[in-house]
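This one's a predicted model, so the numbers in the text were calculated from it and none came from an experiment.
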Amino acid sequence: MNSPVDQIKERLSIEDVVSSYIKLERTGTNLKAKCPFHNEKTPSFFVSPDRGSYYCFGCGASGDIFTFVEEFEGLDFKGALRLLAERAGVTLQAYSKDRKEAESEKEKLYRVMEEATLYFEKNLTENKQVQEYLKARGLTEKSIKDFRIGYAILDWRLLYSYLQKKGYSDGDMEKAGLVKKTEKGYYDRFRGRIMFPIADSSGRVIAFSGRIFTDDGKSAKYLNSPETPIFTKNAVLYGLDKAKDSIRKNNFSILVEGQMDLVLSHQAGYKNTVATSGTALSDATVSKENIKENIVTNLGVVRRLSPNIVLAFDADKAGFNASNRAGRIALSLGMDVKVAKLPDMVDPADLISKEGPDAWKSAIRDSKHIIEFLLDKVLKDCGEDTRKAGRLIKENILPYVDALESSIEKMHFIKKISDSSGISQNALQDDLKKIEQEFKYEKKEIEEAEENLVTLYRKDYIERKLLGIALWKKNKELLKLLGQAPEKYKDSASDLIFEAEVFYGSSENLEKDIKEMLENLELEHINEELLLKMQELRMIKNKDEEIKLLVEIQELNKQKHEKKNKTKK
Ligand SMILES: [Zn+2]
C-alpha cells in the first residue's frame, strides 16, 4: 500500500492546498502570488502544478504541500500530516498503531495534555457553580463545548493522581507543565481555576491558560502553562485554530486580550478573532531581547492569513501599552492596523455580554486606523491646550506615522494630522525626520528579526529533514556532514526517523532529494552568515574594519547568487 504521504499527494494538488491559503494568479503553466513568507509588493512566489512544488525567488522558500502547511501554519511535520490527512480523507491510524512503543516524547506530551483537557472538561460538567458563573458571563453551552473549557478543582493533587492512574509518569506530567515538584512531592499547577486549553493550528492542545475561580486574594488572575517542548509562547495565539479559516475568508483579523473576550467574540459571530492571552504579546516574563522577535512571529502568523487587523483592547487600561508595541510593529510589517471603538473602561467580553452582539458589531464596524484613533484621543484629551496637543502628537503619534511602510500613506496622515490639529505640515515633517532617526535602529531590528526567523526556520527545517534520513538509513557520511545537528536534535530522533520514513519511504529520488537539500542548506548557512555580518557592520566604528567587512559581505552575496542560480536549474 502507498504511504499516507503518497495517498495525500494523490488527492490534494499543490494548487488546491496553496490556493486555500493565498490567492494565486495564473502565469503560463505556473501560478504566482505575493510570497506569504516574506514581505513583498510584487509577486515572486511561484507554484508549479506539474512538479507539485513551490519556489520563492525573493526569500528562497521552497517545497511541497507538506512544507507549505508546516511553514504557513507553524506546525511540525506530524501536525501538517494530521491536517492534510483530514482534508484528503486519508486515515492515519495504521501508522500510529504500529509505532506505539516508539512513541516520542512530544507525542506523549500531546497525549497527556489531551487527557488533562478531558479531565478538566468532566470536572466542569460536574460543577454547577462554575457553570453558572460562565453562563452569567454570557457563555453558551455550545461555546463551552467548542472551546473545551474546563475546571481545575481547588485541591492539591487531583489531576496528579488521576494521570498517575492512567499510567503517566511524574516526568511526563512535569514536562507538560501540569504539575510542580517540591520536597514533599508533586502538586497540581492549576488549582481552583477555569481552564482554557490553548491549541496549535491543527487543534492539538499544547498549553492551558487558567483563570482564577476561587479568589484567595493572593493568586494571579491568570496563570499560563510554562514553556514546554510542545509550547513556545512566541509561536501561538489563543484561538488561532478556530479563527484561521474565517480570517482568510473575511480578510481581516480581530485581536483581543483575554480568553473571555475571544470566546464571546466568536459567539457573537466574529470567528476571525484571536487573543494574545498566554502568548508573548501579553507575557511580561518573556525576555526583553526576544520580545520583538516574538511579536514579529505572532503577528507574522496572522499577517500571512490577512494583512488587515483590528485591535480591540480596553484603551484606558494597561492593555493599550501592549497594543502600542504590537500596533507599531504591525504597521512596520506592512499591515493595515485599526482600533475598535470600545466605550471607556469596557472590555469586549463585557460589551458583548451586557449590550449584545450588535454593540460589538458596531465597535468593529466603527474601528478606525490606529493613527486616526490616537489623534482623536489626543485632541479630545487636550481640548484647547494646543501646545500640549503638539507635544503629544510628536511623542505618541508621529512614531506610528514613521512606522508606516508607504510614503504615500505617510503624506496622507501628515496632512490629516495637520488639518485636524492646526499644526503646519512643514513642522510635522521636520519632527517626523527627527523621529525617523530615533527609530531607525528599531526598524532595522524588526526587519532583521523577520529575516532571521525565515532563515533560522528554513535552516533548522532542512537540517532536521536530512538528519531524519541519515538516522533512518544509518548513513554515516550524511551524519558527518550535519555537524552539531545530531546532538542538537537527539531528543526528537524518533520523530525525525518517523518523518523520514513516511516521507521518503517510497521515494525513488532519495539521492537527488538529499543532494538538493544539502545545496539548500549551504545556501541557508550563507544567509545566516550574511545576517551576522550585517549586524556587525552596524556596530563597527573603525573605517578599515568596515571596508574589510563590506568586502566579506560582497563575497558572500556573490556566493549566494551563484548557489541560487545553480539550485534553480
Ligand atoms: Zn518569499
F66 side chain reached by F77 side chain, heavy atoms, under 4.5 Å
yes

Rounded to the nearest 0.5 Å, the CG atom of D241 sits from the CG atom of L83 at a distance of 10.0 Å

For G258 and A275 the tightest heavy-atom approach is O-CB, 3.8 Å

Is D376 paired with K368 through a side-chain N to carboxylate O contact shorter than 4.0 Å?
yes

Do P348 and S265 make a side-chain contact, defined as non-hydrogen atoms from C-beta onward lying under 4.5 Å apart?
no

Given the options N272, N250, N251, S306 meets side-chain hydrogen bond (donor to acceptor under 3.5 Å, both in side chains) only with N251

Per the ring-ring contact (aromatic ring centres under 6.0 Å, His included) rule, which among F72, F46, F68 passes with Y54?
F68

Donor-acceptor side-chain pairing of N557 and Q554 below 3.5 angstrom
no

Taking atom CZ as the centre, does R387 end up with more than 12 heavy-atom neighbours from other residues, nucleotides or ligands that are less than 6.0 angstrom away?
no

K459 and its salt bridge (charged side-chain N to carboxylate O under 4.0 Å, His left out) partner, picked from E522, E524, E528:
E528

Can you give me the closest heavy-atom contact between C35 and C56, atom names plus distance?
SG-SG, 3.6 Å

State whether K377 and D381 are salt-bridged, where the test is any N-O pair (Lys NZ or Arg NE/NH1/NH2 against Asp/Glu carboxylate O) under 4.0 Å.
yes

Please name the pair of heavy atoms, one in P197 and one in Y238, separated by the smallest distance, quoted to 0.1 Å.
O-CE1, 3.1 Å

If you define the side chain from C-beta out and look only at heavy atoms, does anything of F45 sit under 4.5 Å from K34?
no

Atom of G63, atom of I14 and distance for their closest heavy-atom approach:
O-CD1, 4.5 Å

N224 and S209 side chains, donor-acceptor separation under 3.5 Å
yes

Are any non-hydrogen side-chain atoms of Q267 and I352 less than 4.5 angstrom apart?
no

Where do I393 and L375 land on the side-chain contact (heavy atoms from CB on, under 4.5 Å) test, with the steps shown first?
CA-CA 7 Å; I393 284 170; L375 183 63; 4.1 Å; yes

Flag if over 12 foreign heavy atoms under 6.0 Å of NZ, K361
no

Under 3.5 Å, sequence neighbours excluded: what are the donor-acceptor pairs made by side chains of residues 413-423?
residue : atom : partner : partner atom : Å
K415    : NZ   : D419    : OD2          : 3.1
S418    : OG   : I423    : O            : 2.7
S420    : OG   : K416    : O            : 2.9
S421    : OG   : I417    : O            : 2.7
S421    : OG   : I423    : N            : 3.2

Specify the closest pair of heavy atoms between P226 and F231, including all atoms of both residues, with the distance to one decimal.
O-CD2, 3.4 Å

Of D402, V401, L398, the residue whose pairing with E436 passes side chain to side chain contact (heavy atoms under 4.5 Å, CB included)
D402

Modelled atom types, side-chain donor and acceptor of S48 and Y55, under 3.5 Å
no

Test side-chain contact (heavy atoms from CB on, under 4.5 Å) on S253 and L305; report intermediate values, then the result.
CA-CA 8 Å; S253 60; L305 298 165; over 6 Å; no

Is there a side-chain contact between L24 and V47 in this structure, where contact means two heavy atoms from C-beta onward sitting under 4.5 Å apart?
yes

CG/N308 to CD1/I254 distance, rounded to the nearest 0.5 angstrom?
12.0 Å

If you define the side chain from C-beta out and look only at heavy atoms, does anything of R193 sit under 4.5 Å from S219?
yes

Taking all non-hydrogen atoms of both residues into account, name the closest pair between R204 and G79 and its distance.
NH2-CA, 3.3 Å

Flag for D366-S362: side-chain donor and acceptor within less than 3.5 Å
no

Do I526 and E529 have side chains that get closer than 4.5 Å, going by heavy atoms?
no

Side chains of S332 and L404, heavy atoms from C-beta outward: is any pair under 4.5 Å?
no

State plainly whether the residues D76 and R464 are in salt-bridge range, i.e. N to O under 4.0 Å.
no

ring-ring contact (aromatic ring centres under 6.0 Å, His included) filter on Y489, not counting sequence neighbours, yields none

Check whether more than 12 heavy atoms from other residues, nucleotides or ligands sit under 6.0 Å from atom NZ of K244, and answer yes or no.
yes

salt_bridge(E71, R304) N-O dist < 4.0 Å
no

